[in-house]
Every structure is written in C-alpha cells, then in structure tokens.
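Take a look at the structure below.
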Amino acid sequence: MLSAAVVVIAASFASHHVLHAFAFSPTRTRRVPISAGQGRSRCANFEWKNPTYGSSTSLNLGDFFNNFAKSENKPKESAAPIAAEDTNDKSEDAEYYDEDDPIEKIFGVFFGKKEKNPMGMSRFGQARFPEQYPATVDEWADPVQGDTAEMAFLRPFLKNTNLETRGLRLTYDANRDGWDAAKFHAKVDKQGGGIVYGATRSGLQFGGYNPKGWVGYGEARGSIAAFLFVLGGKYTTASVPGVKLRKVGGPGLAQMDLPESGPSFSPDALVIPMEKNNPRVARSKLGSYYERFPDGTNSLFGKDAVVQLKELKVYHGVYAEGEYIPFTDAEPFALY
C-alpha cells in the first residue's frame, strides 16, 4: 500500500514539472510537435519548421506588422504579366466615386465603389428632396406658364422648393377674406406648403416661405428649408429680385402654427398675430431663428421693428383632384 502511494506521488510530481516545462511563457521557448512532411508555415503564435519539431516564442505587437510587411514585400509567385487596371470609368457611377477621397477609399474596400443607383434604388439628394436642405439664396426659379403678374414676381424666390415648378393659387387675401386669425386658418389650413406675401403702409414688400404649411393645431412646425424675403431694396439687381434670409439654428420652430394667430415665422422673426384690437400689426426680430441681413440689420422691416400692413396674402400649390398634398396633418415627432 505504501509503495503504491509513493508511485502516485512521484507520477504527480513528474507530470507537474513536465507541464510546467511546456507552459507558454514570453521568455521561454517550447517544443511543438508537428507531423512529418508538413511544410513551413506561419500563424499568429507559432513558426513551424521541419523536421519533426519546431520552436515557438512569444509574439509582440511590432512582430505582427513586421511579418505583415515581409509578406507584402515577398516576390509574386506568378511571373505572368497583369493587365493594367482601367481607371477611366465611363459608367454613370463614375461621377459618384472619387478616387482621391480617402473616406471613399476606406469604405470602398468593404462595400465597393459608390454607385448612382445601389440595388436599383435612387439616392437621397437635393434634386429629389430639395426641402431637406437649407434654402438657396443665390439661384432663382424660372417663370411658370399661367402665373399672374404677382405670382411671377414671387416665383423666383421658390427655387429648390416643392413649389418651384408647380402652379400657384391665391388661397388667402386679408383684404378680401378678413383680417382675422380664424378666417386666415379657414383658408390656409391643410393646403400644404405656402408662400406669404405682405406689404407695409410705407410700401415695403416682404414675405416668407413655409414648407410645412398650416393645420391650426397649435404646434411648432420645423423646416430647414423655410426662409424670409424682401423684394426690391438695395440688394436688388437686374438678375436678383431681392434678398432671402434662411432658417438658422436647425429646422425647429420655423413656423408657430397657432390657431389664434396669423402667420408666425418662429416666435420673433416675422409675427403677424392678427389681434382683434390691432389686426394689421407685424413684428420682426432677426438673428435667433432666421438670418439677419448681410449688413447686420436685425428686422425684416429695416429700422422698424413693428409696422402696419396694408396687404397680406398666401399662395399655395395647385394640385389635381386626388393628388397627394404633403404636410396636411400634425407632426408631433417631426425632427426636420
């Protein structure tokens, strides 16, 4: 019985030292058995060599890159000539891929070159969705057949909007329909995006484009494509009908759609409250939600922050019977 115990203890002691000798250590070389006839190869932690045994040591981070560089510099196995790649891509996708753009190069490795119509789907862009981008301030829309003189006057400001080429119709005229907020909403609600035109008693002509329109639910409707404008004045030239002031600070609060108020471009940029005791008053303070003028003027009415109006009109697009009209309901979760 005693001799058997001694044998077991001796075997355990021997196996412990054998395992310890073969344990992996950054400073110890171990023997790795391989099959005879296996060729020379390299993997992450071992370098195999013939004959039966090879040696292996620990691999540092720099060794990985050094080994990688060596493999990259190894001569090609095949001496067959390789045809030069044709970089003059004449396909319709060529304009969508920039060979010199490092970002496109990186993504191109994993996803291939940028295509015009990936999987047959058209790309998102300003041509298809113009009102997902800030208003254009240095381009002007062409005339549209059927425009009245006043519509033709406003048309250039609608460049890159959903109404650029669509016919317009006068939906609200304060002098015809009444200077009253309820009457204003009765005419303009759920008609889609619209353009406001106004004139002060001093003769200043101004307005604004509301891409999301009105529904009268008391919500703030956001749009980065909204803008204000002034016709004529010192910024007008033979080819420029006026000046446009874009939405700033993101799309939020582009239009305050309050049922008890007339048009309100943000809380302060252009507000026409149509109060019972003074329905023709309009106020303006630029800078917080809409751009100031190029010279820094912070009111749409120049030196005046509050003015009296003699005209106020709203134009909407002409839609065929049964045609979809966008933005005719509430937008409680809209982020654009």
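Reckoned from all heavy atoms, side chains included, excluding hydrogens, waters and symmetry mates. Predicted model, so just to flag it, every value in this text is computed and none were measured.
For the pair R155/L168, a side-chain contact is recorded, criterion being any heavy-atom separation below 4.5 Å from C-beta on. Side-chain contact check for Q308 versus K310: every heavy-atom pair is 4.5 Å or farther apart. Inter-residue side-chain proximity for W179 and L312 is flagged as met; some heavy-atom pair is nearer than 4.5 Å. The side-chain heavy atoms of L258 and S264, taken from C-beta on, include no pair separated by under 4.5 Å. Two residues are said to be in side-chain contact when any heavy atoms from C-beta on lie closer than 4.5 Å; F229 and Y209 fail this criterion. Side chains of N175 and E311 form a contact here, defined as non-hydrogen atoms less than 4.5 Å apart. Side-chain contact between V281 and P273 is present, with heavy atoms from C-beta onward closer than 4.5 Å. Side-chain contact between F157 and P241 is present, with heavy atoms from C-beta onward closer than 4.5 Å.
S202 meets the side-chain contact (heavy atoms from CB on, under 4.5 Å) test with T200, L204; sequence neighbours excluded. Applying the salt bridge (charged side-chain N to carboxylate O under 4.0 Å, His left out) test to E139 and every residue at least two apart in sequence or in another chain returns nothing. Listed by chain and number, the residues in a side chain to side chain donor-acceptor pair (under 3.5 Å) with K187 amount to none (sequence neighbours excluded). For D177, there are no side chain to side chain donor-acceptor pair (under 3.5 Å) partners two or more places apart in sequence or in a different chain. D173 is linked by a side chain to side chain donor-acceptor pair (under 3.5 Å) to nothing, counting only residues two or more places apart in sequence or in another chain. T136 is linked by a side chain to side chain donor-acceptor pair (under 3.5 Å) to N160, counting only residues two or more places apart in sequence or in another chain.
Both L253 and L300 sit in one connected hydrophobic cluster of ILVMFWY residues. Membership requires side-chain heavy atoms under 4.5 Å apart, directly or through other members. Residues I272 and L245 share a single hydrophobic cluster, defined by chaining ILVMFWY side chains whose heavy atoms lie under 4.5 Å apart. Cluster annotation: V271 and M256 are assigned to distinct hydrophobic clusters (Ile/Leu/Val/Met/Phe/Trp/Tyr, side-chain heavy-atom contacts under 4.5 Å, transitive). Placement of V314 and M151 in two distinct hydrophobic clusters is found when ILVMFWY residues are connected by side-chain heavy-atom separations under 4.5 Å, directly or transitively. Cluster annotation: Y172 and I195 are assigned to distinct hydrophobic clusters (Ile/Leu/Val/Met/Phe/Trp/Tyr, side-chain heavy-atom contacts under 4.5 Å, transitive).
Although no hydrogens or angles enter the test, the distance criterion places a donor-acceptor pair under 3.5 Å between the side chain of D257 and the main chain of G216. For the pair D180 (side chain) and K183 (backbone), a donor-acceptor distance under 3.5 Å is present. At distances below 3.5 Å, not a single donor-acceptor pair connects side-chain atoms of T297 with backbone N or O atoms of S299. Looking at H185, its side chain does come within 3.5 Å of a backbone N or O of S261 through a donor-acceptor pair. In this structure, the side chain of S284 engages the main chain of A269 through a donor-acceptor pair within 3.5 Å.
Note that CG of N210 is 4.0 Å distant from CD of Q255, once rounded to the nearest 0.5 Å. Within the model, atoms CG of L309 and CE of M274 stand 8.0 Å from one another, a figure rounded to the nearest 0.5 Å. Rounded to the nearest 0.5 Å, atoms CZ (R166) and CG (L158) are 12.0 Å apart. Note that CD of E164 and CD of E131 are 10.5 Å apart. Values are rounded to the nearest 0.5 Å. Between the CD atom of Q132 and the CD1 atom of I224 there is a distance of 10.0 Å, given to the nearest 0.5 Å.
Using a 4.5 Å cut-off between side-chain heavy atoms of Ile, Leu, Val, Met, Phe, Trp and Tyr, V318 forms no hydrophobic cluster with any other residue. Residue Y324 is found outside any hydrophobic cluster, as its side-chain heavy atoms come under 4.5 Å of no other Ile, Leu, Val, Met, Phe, Trp or Tyr. Residue V215 belongs to a hydrophobic cluster whose other members are Y217, with links defined by side-chain heavy atoms closer than 4.5 Å.
Shown here for P279 and N277, the closest heavy-atom pair between the two residues is CD-C, 3.9 Å. The shortest heavy-atom contact between V307 and D304 is CG1-CB, 3.9 Å. Across L163 and G193, no two heavy atoms sit closer than the pair CD1-O, 3.7 Å. When every heavy atom of A135 is checked against every heavy atom of A226, the shortest pair comes out as CB-O, 4.5 Å.
At least one cation-pi condition fails for R169 and Y319: the charged atom is not both under 6.0 angstrom from the six-membered ring centre and inside a 45 degree cone around its axis. Judged by the 6.0 Å distance and 45° axis criteria, K313 is not positioned over the aromatic ring of Y197.
Each ring pair (Phe, Tyr, Trp, His ring centres under 6.0 Å) pair with one or both residues in residues 267-315, not counting sequence neighbours, appears once here: F206-F301. For residues 292-303, the pairs satisfying salt bridge (Lys or Arg N to Asp or Glu O under 4.0 Å) are K234-D295, with sequence neighbours left out. Contacts classified as salt bridge (Lys or Arg N to Asp or Glu O under 4.0 Å) and involving residues 239-248 (residues at least two apart or in different chains) are given here: R246-E291.
Within a 6.0 Å radius of NZ in K159, more than 12 heavy atoms belonging to other residues, nucleotides or ligands are found.
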query = Does the pair F227 and V137 meet the rule for a side-chain contact (heavy atoms from CB on, under 4.5 Å), with working shown?
reply = CA-CA 9 Å; F227 62 84; V137 297; over 6 Å; no
inquiry  = Set out, in order, the CA-CA distance, both residues' side-chain angles and the distance that settles side-chain contact (heavy atoms from CB on, under 4.5 Å) for T148 and L170, then state yes or no.
reply    = CA-CA 10 Å; T148 65; L170 178 64; over 6 Å; no
inquiry  = Is there a side-chain contact (heavy atoms from CB on, under 4.5 Å) between K212 and E331? Walk through the geometry before answering.
reply    = CA-CA 10 Å; K212 297 295 184 66; E331 296 186 301; 3.6 Å; yes
